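Notes for the one structure printed next.
Not measured: the values here are computed from a predicted model. Within every chain, numbering begins at 1; the chains are lettered A, B, ... in the order of the sequence lines, protein sequences first and strands thereafter.
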There are 2 protein chains.
Amino acid sequence: MDKIRVILVDDHKIFRDGFRMLLQSFSFVEVIAEASNGNEFLSLIEDHQADIIFMDINMPQLDGVEASQKALEKYPDLKIIALTTFLDDDYLEQMLMAGVEGYMLKSAEIEEFEKAIVKVYEGGNYFSDEIVSLLSDKLNMLRKKRKKKDDLPEFTDREKEVLELICKGYGNKQIAEATFLSIKTIEKHKSSLFQKTGTYNTVNLVIYAFKHQIIKF
Amino acid sequence: MDKIRVILVDDHKIFRDGFRMLLQSFSFVEVIAEASNGNEFLSLIEDHQADIIFMDINMPQLDGVEASQKALEKYPDLKIIALTTFLDDDYLEQMLMAGVEGYMLKSAEIEEFEKAIVKVYEGGNYFSDEIVSLLSDKLNMLRKKRKKKDDLPEFTDREKEVLELICKGYGNKQIAEATFLSIKTIEKHKSSLFQKTGTYNTVNLVIYAFKHQIIKF
DNA sequence: GTGCGAAGTAGGGAAAACCCCATTGTATAT
DNA sequence: ATATACAATGGGGTTTTCCCTACTTCGCAC
């Protein structure tokens, strides 16, 4: 089997040196190139066919987020594992949205890197435990914020049902057909929804529902 | 040290039996109660002080999502680990938003459960690798959707202006007043928007705009 | 210049949404 | 048992939205 071709992107030479040594100790890995910032990396990938990129996030000139975005735009099949020094990382979401396949702390154990490379190479994902916790914390934060800021009105079962259908784009007639009720009844439920939410027409109600995340995208 | 008090919630007695045996094999765990559905669980927790809940998701009467939501509303410090049989789970997001501390496959290894209990008991989170991959896949889906968004139809200046006002909740009349145009003209622009977006009424158009992030919250 | 397509402007009439009001059923309190 | 409250169901009639069509203006090509 061919070796897995890896490119390192990090602005600290010392880290690259150490990390290269570490990776070369895996018999199945070959470090084919290195870059010290995003721009350098972008020109590198034109000439090198890599399987996996280890990408630092904080870098001069062009940071890991933008570099990853641009690289994945051109080569969507590229597999990038993001590296970060500390955990207080605001870029986590951005990197995930950019489409990286993994996200790890630089301080991870050797075995973790081995595991990550194999998993990502095989088409999977790898995330450090710490990263997963961080993500989950973010979700929890979101949840708590939601609870605090909206004391949402309470809806009856029918109202919830109607609201769901409204937010699917159904008109009164369609909702009536779907629920086996008369249009008039649907109108009444909507009327109640208007009152409870402080809205005054369907469009407003839909906007309200989206803003308060009563319905999902 | 006191044992970690655990409650099991699952509608299959056989699974509960097996799982209880498994948990009891950990010297530091004590299963203090069991429930076979959400309602039963909700009345249970009034009388039992539990450290960790293992919560099945698919259950009759009251499913794991709602049960967790209600329980956490009353006892926000409750630590819930969600259990699921298969991976094709639409409830993942809902459970996370409900605020569970962990999410695992029932088919997980014994060591995983041990690890999960300890981590969650100590205030952390635990998610099965498979769950993490699933989450990451979802993020990737989001990313791809964003990319698709790029081939949006092109709107004229007036259309963009009208769309913005629509998404603020304005009716045709209000838009007409705000733009110093006749209602009829607004209607025509909306009509064009319908055609370009493949929608057929204002509500649909608003949903379209939100989904494609044409307008911001 | 003349023609042609795209954006912007409306009117008339049909359809849907909306408001005010009435009736029924069910649960809770006194 | 009776009163109260409210969810759920609808009717009549007004307002708003929506579709089809038409006219003007502007830029651009020939």
### Modelled atom types, side-chain donor and acceptor of Y126(B) and E112(B), under 3.5 Å
yes
### Message
Under a plain distance cut-off of 3.5 Å, with no hydrogens placed, do Y121(A) and E101(A) share a side-chain donor-acceptor pair?
### Response
no
### Task
Please step through side chain to side chain donor-acceptor pair (under 3.5 Å) for the pair E46(A) and Y75(A), ending with a clear verdict.
CA-CA 10 Å; E46(A) 306 291 337; Y75(A) 306 95; 3.1 Å; yes
### CA sep, side-chain torsions, deciding dist, call: E109(B), K115(B), salt bridge (Lys or Arg N to Asp or Glu O under 4.0 Å)
CA-CA 10 Å; E109(B) 300 296 318; K115(B) 212 167 141 188; over 6 Å; no
Atom pair distance, as rounded to whole Å: [atom1] in [X] and [atom2] in [N]:
{"X": "K188(B)", "N": "dA7(C)", "atom1": "NZ", "atom2": "P", "value": "9 Å"}
{"X": "E154(A)", "N": "dC6(D)", "atom1": "CD", "atom2": "C1'", "value": "13 Å"}
{"X": "E187(A)", "N": "dA16(C)", "atom1": "CD", "atom2": "P", "value": "11 Å"}
{"X": "I186(B)", "N": "dG11(C)", "atom1": "CD1", "atom2": "C1'", "value": "15 Å"}
{"X": "E161(B)", "N": "dT9(C)", "atom1": "CD", "atom2": "P", "value": "9 Å"}
{"X": "N204(A)", "N": "dC18(C)", "atom1": "CG", "atom2": "C1'", "value": "13 Å"}

### Message
Give the residues of residues 167-185 of chain A touching DNA chain C, defined as any heavy atom closer than 4.0 Å, sorted by residue number.
### Response
G171(A), N172(A), K173(A), K184(A)
### Query
So do I45(A) and K74(A) actually touch side chain to side chain, heavy atoms under 4.5 Å?
no
### Query
Roughly how far, to the nearest 0.5 Å, is the CD1 atom of I57(A) from the OH atom of Y103(A)?
3.0 Å
### Task
Evaluate the side-chain contact (heavy atoms from CB on, under 4.5 Å) criterion for residues L83(B) and F15(B): first the C-alpha distance (whole Å), next the side-chain angles of each, then the deciding distance (0.1 Å), finally the verdict.
CA-CA 11 Å; L83(B) 290 175; F15(B) 175 79; 4.1 Å; yes
Please determine whether a side-chain nitrogen or oxygen atom of [X] lies at a distance below 4.0 Å from atom OP1 or OP2 of [N].
{"X": "S191(B)", "N": "dC20(D)", "value": "no"}
{"X": "T156(B)", "N": "dA6(C)", "value": "no"}
{"X": "H189(B)", "N": "dT9(C)", "value": "yes"}
{"X": "K190(B)", "N": "dC18(D)", "value": "yes"}

### Test side-chain hydrogen bond (donor to acceptor under 3.5 Å, both in side chains) applied to S192(A) and H189(A), K196(A), K188(A), the passing residue
K188(A)
### Task
Please assess F41(A) against I53(A) for the test side-chain contact (heavy atoms from CB on, under 4.5 Å), listing each intermediate value before the final yes or no.
CA-CA 10 Å; F41(A) 164 67; I53(A) 320 293; 3.6 Å; yes
### Message
Counting only heavy atoms and a strict 4.0 angstrom limit, can you tell me which residues of residues 192-203 of chain A come near DNA chain D?
### Response
none
